[in-house]
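Numbering of ligands and ligand atoms starts at 1, following listing order. Remember, it's a predicted structure, so these values are computed and weren't measured experimentally.
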Amino acid sequence: MSLDLDKRQRAILREMGVRVWQPPPVAVVPDNTDAIDSIAVSARQTRAEAAFDAEPQRAPLATAPAVRRPQVQAAPAATRPPAAPVPGLQPRPAGIELMTWPALQTAVAGCRACALCESRKNTVFGVGPPADEAAPAVDWLIVGEAPGENEDLAGEPFVGQAGQLLDNMLLAMGLQRGNDDAARAGTAKNVFITNVLKCRPPANRNPDPAEVAQCAPYLKRQVELLQPKIILALGKFAAQSLLQDSVPEVHKIPLGKLRGQVHSYLGVPVVVSYHPAYLLRSLGDKAKAWDDLCLAMNVAPTVVRSA
Ligand code: URA
């Protein structure tokens, strides 16, 4: 029972040294479901932004209203139900590991191994200098995350704003997109650009681990056939995908901590850097990205030919 005392009575009792028990104030937790959803949606709008949660200067979620979530106790492992099958997963085409470049292109174009095939307009295999039976002869492989809306429409990676920045980064290194008709003196079309996922995740959401796993053999075969001298992994998803077998618990390591060293994927040196979409928002990190490009250029000096 609590005493129904007014302010004056409480003051008198306090003066008398009498402590009056009161029930603790009940925290009124606003129903923030809408707020959470809208934060999640705005975070999803630029999927690449979301890919940088572990990176510096990314703080939109920190400003979100504090929300109480029910404490859900994880069931002990023994009683946990088996993981639900991810809807929409189908077998990949057989024999990817032996495919030629054209066969790999055909396999990706017809891939129905995950549900992304339902919503994509085009698959995005990658772009480089013209190739026929053999893979294009390139020293550099750039790996991004996944096609966005523009890339899905164009069937080509990095054609939006982030792509323009990527093209400028390449030019700064003496590299030029393989299908760029502009005559650019002092650059070489010595680069292939692709993504971890070959299909666009709807609404630019993050790639799902099951989708990444389904797509991984395509990227692996691309690397085997291209035999690049250096791979530049742009952003968290590219880094995690390429380094999952060589860096323990790579999923727990912030992208910034994977930078500044030379990793390896299938024996090819890998340098990790920020995703261009992140750099568009975080201009201060462009200098760090340039450091990464310099590191990569030290590993694989670009062969520059006159255009
Ligand atoms: N972001 C990526 O990671 N890849 C693209 O192709 C476009 C945007």
Side-chain angles (χ1 to χ4, degrees), residues 42-55 58 105 108-109 111 114 116-117 119-128 136 138 140-171 175-180 191-209 211-216 218-219 222-223 226 228 231-244 255 258-259 265 270-282 285-286 289 292-293 296:
S42 68
R44 272 197 305 268
Q45 275 163 352
T46 48
R47 172 179 33 72
E49 287 177 13
F52 291 103
D53 15 7
E55 295 174 6
R58 183 176 187 282
Q105 280 178 300
V108 168
C111 184
C114 78
L116 297 183
C117 67
S119 52
R120 73 178 178 222
K121 301 248 182 324
N122 288 293
T123 54
V124 180
F125 183 75
V127 66
V138 293
W140 285 72
L141 175 61
I142 312 285
V143 181
E145 180 182 323
E149 187 179 11
N150 296 320
E151 291 76 18
D152 181 49
L153 290 172
E156 184 177 329
F158 283 103
V159 293
Q161 250 196 315
Q164 283 171 20
L165 176 57
L166 176 60
D167 285 345
N168 287 336
M169 291 160 67
L170 294 178
L171 286 178
L175 294 167
Q176 184 179 354
R177 189 181 282 252
N179 60 353
D180 178 355
V191 56
F192 193 83
I193 307 169
T194 191
N195 285 306
V196 171
L197 292 191
K198 311 302 187 209
C199 295
R200 179 194 183 202
N204 292 348
R205 67 159 165 74
N206 281 342
D208 180 278
E211 294 157 359
V212 173
Q214 287 293 75
C215 237
Y218 295 130
L219 180 58
Q222 284 180 313
V223 173
L226 289 165
I231 300 175
L232 192 58
L234 298 180
K236 174 170 111 170
F237 285 94
Q240 291 180 350
S241 249
L242 293 167
L243 305 183
Q244 62 185 334
L255 187 96
L258 295 169
R259 297 178 47 249
Y265 174 74
V270 177
V271 167
V272 170
S273 191
Y274 296 115
H275 193 285
Y278 167 77
L279 293 174
L280 287 173
R281 295 182 307 108
S282 306
D285 280 340
K286 277 190 176 174
D292 301 333
L293 301 186

K.L.:
Gly144 heavy atoms, cut-off 4.0 Å: which ligand 1 atoms fall inside?
P.N.:
3 (O)
K.L.:
For ligand 1, which atoms, with element, lie under 4.0 Å from some heavy atom of Pro157?
P.N.:
6 (O)
K.L.:
Measure Ala162 to ligand 1 on non-hydrogen atoms and call it side chain, backbone, both or neither using the 4.0 Å cut-off.
P.N.:
neither
K.L.:
Excluding sequence neighbours, so at least two apart, what forms salt bridge (charged side-chain N to carboxylate O under 4.0 Å, His left out) with Arg259?
P.N.:
Asp292
K.L.:
Can you tell if the side chain of Lys198 reaches within under 4.5 Å of the side chain of Leu116, non-hydrogen atoms only?
P.N.:
no
K.L.:
Looking only at heavy atoms of His275, does any of them come nearer than 4.0 Å to an atom of ligand 1?
P.N.:
yes
K.L.:
Does the side chain of Cys215 come within less than 4.5 Å of Val196's, by heavy atoms?
P.N.:
no
K.L.:
Using distance alone, decide if ligand 1 has a nitrogen or oxygen within less than 3.5 Å of any nitrogen or oxygen in Phe158.
P.N.:
yes
K.L.:
Under a 3.5 Å cutoff, is there a donor and acceptor pairing between the side chains of Glu156 and Asn179?
P.N.:
yes
K.L.:
Taking only residues two or more places apart in sequence, or in another chain, which ones meet Phe125 in a ring-ring contact (aromatic ring centres under 6.0 Å, His included)?
P.N.:
Trp101
K.L.:
Are Ala146 and ligand 1 in contact, using a heavy-atom cut-off of under 4.0 Å?
P.N.:
yes
K.L.:
If you round to the nearest 0.5 Å, how far is SG of Cys114 from CG of Leu197?
P.N.:
7.0 Å
K.L.:
Considering both backbone and side-chain atoms of Glu145, is one of its nitrogen or oxygen atoms within less than 3.5 Å of a nitrogen or oxygen in ligand 1?
P.N.:
yes
